[in-house]
There are 2 protein chains.
Amino acid sequence: MNLPPLVQSFVLHFGEMGSRWGINRTVGQIYALLYVSPRPLCADDIVEALGVSRSNVSMGLRELQAWNLVLLRHIPDDRRDHFTTPDDVWQILRVLAEERKKREVDPTLSVLRELLMQTPGSEEERHAQARMAEMHGLIERLTTWYEDVKRLETERLAALLALGAKVTRLLEAKDKVVGLVRGKRES
Amino acid sequence: MNLPPLVQSFVLHFGEMGSRWGINRTVGQIYALLYVSPRPLCADDIVEALGVSRSNVSMGLRELQAWNLVLLRHIPDDRRDHFTTPDDVWQILRVLAEERKKREVDPTLSVLRELLMQTPGSEEERHAQARMAEMHGLIERLTTWYEDVKRLETERLAALLALGAKVTRLLEAKDKVVGLVRGKRES
DNA sequence: CATAGATTTCAGAAAATTCTGAAATCACGG
DNA sequence: CCGTGATTTCAGAATTTTCTGAAATCTATG
């Protein structure tokens, strides 16, 4: 590996974190490298930069494409494929959320649905099913909320984030106003 | 493994998903089993139910405790430790969010901070640092939002979730009201 | 349609992780 | 402070994942 120190530290860190994030070291490193690179890189650039085998890079890029985390770019007068990451970090966040949901949540949701359809054959199963229903309910709330906010344009999403817990104050204010209006109408 | 079919399916699913969630099969299975069990279980119950070695269960429980995902319970007149999961699913969600943040986000945040302190030695490093700054900015926004909402009581949190994207309408309404008040004052 | 370069596939090597059984440690009642 | 049962530790076995190099496949062009 032969990279500027700053870049190298970043790349190595992503490699180490890879396993915690559900990707392997090479995939993490490739992503990190593309993320900070000022221009699209081809597979051989990556081999050169990271010092891993060509085939490993090929597989890594393939996985990153499955995650929608890298983009294919064509450079004029060069037959080789070149790769970058989307440069809007919000876009990256969206993609990441979507993919993790797809891989980590959706399968469980569908198993839960299936198990909740079945008729329990004992008290123990009845209890288990009640617990599964609780889990299912929570996950469903979370995913519908997610489906909802993911449609927001970035600007609105950012505004919402910035608001943070202050939203509740807004909520209280709303409740008060609504209460007032109702009161008036009913008097 | 000898479990009621419903429970078994659930447990097996958690085992399979384990690797995607950053835990191993046994840990996933132990958690699932405790989650649906109507009473706290001791290590031997788990050995019996899952058909894995005693030592593996010991290690699994230890990891789940590190995650704050299981609770130690004492049963009168029984020397053995017994284990359960918290029964409020919202509580579980909070713990999960906290632990994943600690493991998957915080280390990166601190590496980024460190790298952003350094002085770039080349144009390439300067660009890399700018990209890191973008990433850092986004993560910081997300984590401060998270720190904010995690303090909300469950009821308020649920209300917020239920509101979903409709918050923006509330936001618009607020802007209008504020605008009105300002307009009045300035006229 | 032959060829050269680019890319992917895949079987097996290497590395990492998970799991086990035996031994060590702990903790408590007698 | 001994003995019994519960629990943990840990070295190595088993399994899984990751990585490599060689061969196969693809693709654009002359």
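Residue numbering restarts at 1 for every chain, and letters A, B, ... go by the order of the sequence lines. Values below: every heavy atom of this structure, side chains too, minus hydrogens, waters and symmetry copies.
- A close approach under 4.0 Å does not occur between any side-chain nitrogen or oxygen of B/S19 and OP1 or OP2 of D/dT16.
- Distances were taken from every side-chain heavy atom of A/N56 (C-beta onward) to each of C/dT7, D/dG21, D/dC19; the shortest belongs to D/dC19.
- If you find the closest nucleotide of DNA chain D to A/M59 and to A/R79, the one lying nearer the 5' end belongs to A/M59.
- Look at CZ on A/F83: it is 7 Å from P on C/dT8, rounded to the nearest Å.
- D/dT7 atom C1' lies 14 Å from atom CG of B/D78, rounded to whole Å.
- Atom CG in A/L72 sits roughly 9 Å away from atom P in C/dT7 (whole-Å rounding).
- Atoms CD1 (B/I75) and P (D/dA6) sit 14 Å apart, rounded to a whole Å.
- Around CG of B/N2, the count of heavy atoms belonging to other residues, nucleotides or ligands within 6.0 Å does not exceed 12.
- In this model, the phosphate group of C/dT7 is not approached by any side-chain N or O of A/R80 to a distance below 4.0 Å at OP1 or OP2.
- For A/R54 and D/dG21, the shortest distance from a side-chain N or O to OP1 or OP2 is not below 4.0 Å.
- Nucleotide C/dA14 holds its C1' atom 11 Å from the CZ atom of A/R25, rounded to whole Å.
- Under 4.0 angstrom from either OP1 or OP2 of C/dT8 there lies at least one side-chain N or O belonging to A/S58.
- Here the C1' atom of nucleotide D/dG5 and the CG atom of B/D77 are 16 Å apart, to the nearest Å.
- Proximity of B/R62 to the phosphate of D/dT9: a side-chain N or O atom is located under 4.0 Å from OP1 or OP2.
- For the pair A/I46 CD1 and D/dT20 P, the interatomic distance rounds to 14 Å; values are reported in whole Å.
- Between A/T26 and D/dC19, a side-chain N or O to OP1/OP2 separation shorter than 4.0 Å is present.
- Judged by atom type and distance alone, B/S53 does not reach the base of C/dG21 through any side-chain donor-acceptor pair under 3.5 Å.
- Between A/Y31 and A/E63, the closest side-chain pair of non-hydrogen atoms is not below 4.5 Å.
- Between A/K101 and A/E98 there is no salt bridge, since no side-chain N of the basic residue sits under 4.0 Å from a carboxylate O of the acidic one.
- When each of B/V111, B/L112, B/T108 is paired with B/H136, the side-chain contact (heavy atoms from CB on, under 4.5 Å) condition holds for B/L112 and for no other.
- For A/N24 and D/dC19, the shortest distance from a side-chain N or O to OP1 or OP2 is below 4.0 Å.
- The aromatic rings of B/H13 and B/W21 lie perpendicular to each other, with more than 60° between the two planes, well past the 30° mark.
- Taking atom CG on A/D81 and atom P on D/dC26, their separation rounds to 15 Å, with Å as the unit.
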